[in-house]
Amino acid sequence: MIGDKDSDHPVILPMDAHELDIWRRMHPSYDYWCGLQLGGCGGQLTDRRYTNKVCHFAHHATAPICYRTANGESSADHLFIKRGVRRLMDKRQLRGKVQTRDLGNGPGDAVDVYLTESRRRLRFQLGPVDYRAWRGATDELGADADDIDWIFAAEGQITQQIIGSHGYCLRVRCETVGGERRVHIGAEARDRTVAWTPLEECALTASGIVTPHVEEIRLSFPRPKPSAFPVQGGLVFTLAPEAVAPADSPFTLEGRHLLVADVKPMDSPIVRTVISLPGDTAAPPSEHVYRVPDGARILVAGNGREWAVEANRYMRLNAHDAQRTGLWTPAPERFEPPAVRPPAPARPVGQPKTPAPAPVPARREVSKTAATAPAARESLTRPEIVTALRDALAQCARERATATWEMLAQVIGPALVTYSLDDRCALLVEVDRPLREHVPVLSALIRERGASLSYLPSVLARLGVPHAEQAASLQIRSWAVVESERAFAAYATPSRAMSARYVLIPTALKARQRPAGRRIASRPKPSSVTRVRTLLSQLEQLRPRLQGAMARQSASKAISGGQAWLAHLDGADQPAQQQRKLAAQTPESVIGRLERATSAARDDIKAAEWLTQRKD
């Protein structure tokens, strides 16, 4: 530091002897100190000139013992940032306060800026921070401010959280230029690219720091998606036609209806809120009550104060069930007096009575569709049959059970048994459409003589599953087993993380990928393959939260090994030596390695959480 031990004026000494000579001639009156704001001892320093090694500062012989560990160029970044922000505030004629903060790791952990007129805070976060610490600091800084801008030195989980909410995140870095560090502000986009702008070229206004690239991202970034939480047990609702959803709601999305409704989750009181429904059909009439059997989600806006309900599938309740919900009461019946028929004209005396002509039966027209497709139970329409079939399969998933087509017909209607294979295929496609990665295909739960449906490949092909009709029957069976386990996980109470969907490979491609003379070992049981996929999914979810280097290395190694083993089973092209090693591995050994890595990962996360609680 220049001046004294309490100074906040940092300097970087030139490392070249010639440059140091120029520096001395330019600043003959400078004296240097191991500044307290750098975490130093406060003793005086001298500049040492060398021609055979780099020039550097050194303590005087009378200086106290110094325990400063961070002495690199970046150790004074907080002071260069503080000075740069002060200059920018003076340039923009903004009143406020700039101060450095020690958050437990040293005086260079953060720089706080408070803009008085706009009641806005800026936090330059230079030290490490986790979500809980970030959330607590946000609450602390927001106690006397209307808004907060975070500018981070390093990319991490918190920066990705902010990018997901706002479309960008502000970053800061310093570059050495002569005897100081030049501050740059970056705008990190969703693709993790960062556009850097020198601090002196940024705009510091009442709304915070703005770079040219921030404005570009703001204009192109769509409305952030709200957080979503599943509703267990389903719900019922009826629309409130007299209420109108706010036009500026954070839940407004293209292709969806946003309506006000009275909603009653299972075993909960009725509440009025906003409900988001699919927009590909007209909004349902408000005079009925509807049930959402599964898939409903609670949406929470980024501010944490607004919420809504999202439903993608719903069915109308009959009058009896609707009345039991408390959301609907039938209208009172009005008494209509019977119509009085006029008396028949008198028949002249002696005229014979003419018999009335027999009624001609009305001709019943049979549509072309009805003549070719089987008729379902008269009380259910086609959409209601689809909904009932989806509900029945969802209930099977909750009970970790499978069903046959005949069992489903007993629940939905006996006419279902008369459906042809083409009609059954078309019906199942409607049940599972559209195909989504995080939604299980319920058709996989239907069994036929103990195995998957013979026409399941046709269903999967029409849903858009790649290579469904070119895959071998053994692959289709494995696909159905894995997808059934995914359905059991999704509909469990509480729901569990699903494994990755089984990838089908065309038979011709597998034969082409298999080296000549390669011996194919007996394929492991589908349950073992499913267990490997489940452990891989769990370990991949835990890996970003790991703190210890050994735990991260162990998790990455186990994931790579498990993925290579699965690829070997599917006939992927691999080096011959690797193929021999993978062929020699048993499912039990692969599962054991993944289980040990998963256990170690959980222990590492628990230890990190314990240390965080100790710090708090």
Test log, rule side-chain contact (heavy atoms from CB on, under 4.5 Å), inputs Glu430 and Arg390: CA-CA 9 Å; Glu430 292 184 54; Arg390 187 184 294 119; 5.8 Å; no
The test is side-chain contact (heavy atoms from CB on, under 4.5 Å); show your working for Val309 and Val231 and say whether it passes. CA-CA 9 Å; Val309 174; Val231 177; 5.6 Å; no
Report the C-alpha distance between Val503 and Leu566 in whole Å, list the side-chain angles of each, state the deciding distance to 0.1 Å, and finish with yes or no for side-chain contact (heavy atoms from CB on, under 4.5 Å). CA-CA 10 Å; Val503 178; Leu566 291 176; over 6 Å; no
Steps toward side-chain contact (heavy atoms from CB on, under 4.5 Å) verdict (Leu453, Leu428): CA-CA 11 Å; Leu453 294 174; Leu428 291 177; 3.7 Å; yes
Would you check, one step at a time, whether the test salt bridge (charged side-chain N to carboxylate O under 4.0 Å, His left out) holds for Glu483 with Arg486? CA-CA 5 Å; Glu483 199 66 14; Arg486 283 164 48 86; 3.0 Å; yes
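To the nearest 0.5 Å, the span separating CG on Leu456 from CD on Glu469 amounts to 11.0 Å. Rounding to the nearest 0.5 Å places CG of Leu408 at 10.0 Å from CZ of Arg424. One finds the OG atom of Ser478 at 4.5 Å from the OH atom of Tyr502 (value rounded to the nearest 0.5 Å). The line from CG of Asp423 to CG of Leu416 is 10.0 Å long, rounded to the nearest 0.5 Å.
Under the 3.5 Å distance criterion, with hydrogens and angles disregarded, a donor-acceptor pair is assigned to the side chains of Gln395 and Glu399. Residues Ser454 and Glu448 bring a donor and an acceptor atom of their side chains to less than 3.5 Å of each other.
We find that Arg400 and Glu485 are joined by a salt bridge, their nearest charged nitrogen and carboxylate oxygen being less than 4.0 Å apart. Taking a cutoff of 4.0 Å between a charged side-chain nitrogen and a carboxylate oxygen, Asp604 and Arg545 do not qualify as a salt bridge. The existence of a salt bridge linking Glu384 and Arg316 is excluded, since no basic side-chain nitrogen approaches an acidic carboxylate oxygen closer than 4.0 Å.
With sequence neighbours left out, Arg477 forms a salt bridge (Lys or Arg N to Asp or Glu O under 4.0 Å) with no residue at all. Applying the side chain to side chain contact (heavy atoms under 4.5 Å, CB included) rule to Ala228 yields the partners Arg297, Leu299; only residues at least two apart in sequence or on another chain are considered. Applying the salt bridge (Lys or Arg N to Asp or Glu O under 4.0 Å) test to Arg291 and every residue at least two apart in sequence or in another chain returns Asp391. For Arg256, the salt bridge (Lys or Arg N to Asp or Glu O under 4.0 Å) criterion is met by no residue, not counting sequence neighbours. By the ring-ring contact (aromatic ring centres under 6.0 Å, His included) test, Tyr131 pairs with Trp134, sequence neighbours left out. Residues meeting the salt bridge (Lys or Arg N to Asp or Glu O under 4.0 Å) test with Arg123, sequence neighbours left out: Asp112. Asp432 meets the side-chain hydrogen bond (donor to acceptor under 3.5 Å, both in side chains) test with Ser443; sequence neighbours excluded. Residues satisfying the side-chain hydrogen bond (donor to acceptor under 3.5 Å, both in side chains) test with Arg447, not counting sequence neighbours, are Ser484. Residues satisfying the side chain to side chain contact (heavy atoms under 4.5 Å, CB included) criterion with Arg449, sequence neighbours excluded, are absent altogether.
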Give the table of side-chain donor-acceptor pairs shorter than 3.5 Å for residues 588-601, with sequence neighbours excluded, one pair per line with atom names and distance.
residue, atom, partner, partner atom, Å
Ser589, OG, Thr586, N, 3.3
Ser589, OG, Thr586, O, 2.7
Ser589, OG, Thr586, OG1, 3.4
Arg593, NH2, Gln585, OE1, 3.0
Glu595, OE2, Arg531, NH2, 3.0
Thr598, OG1, Leu594, O, 2.7

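Applying the ring-ring contact (aromatic ring centres under 6.0 Å, His included) test to pairs two or more places apart or on separate chains, those with a residue in residues 274-297 are Phe237-Tyr290, Tyr290-Tyr314. Applying the salt bridge (Lys or Arg N to Asp or Glu O under 4.0 Å) rule to pairs touching residues 157-171 yields Arg171-Glu188, sequence neighbours excluded.
A donor-acceptor contact shorter than 3.5 Å links the side chain of Arg501 to the backbone of Arg436.
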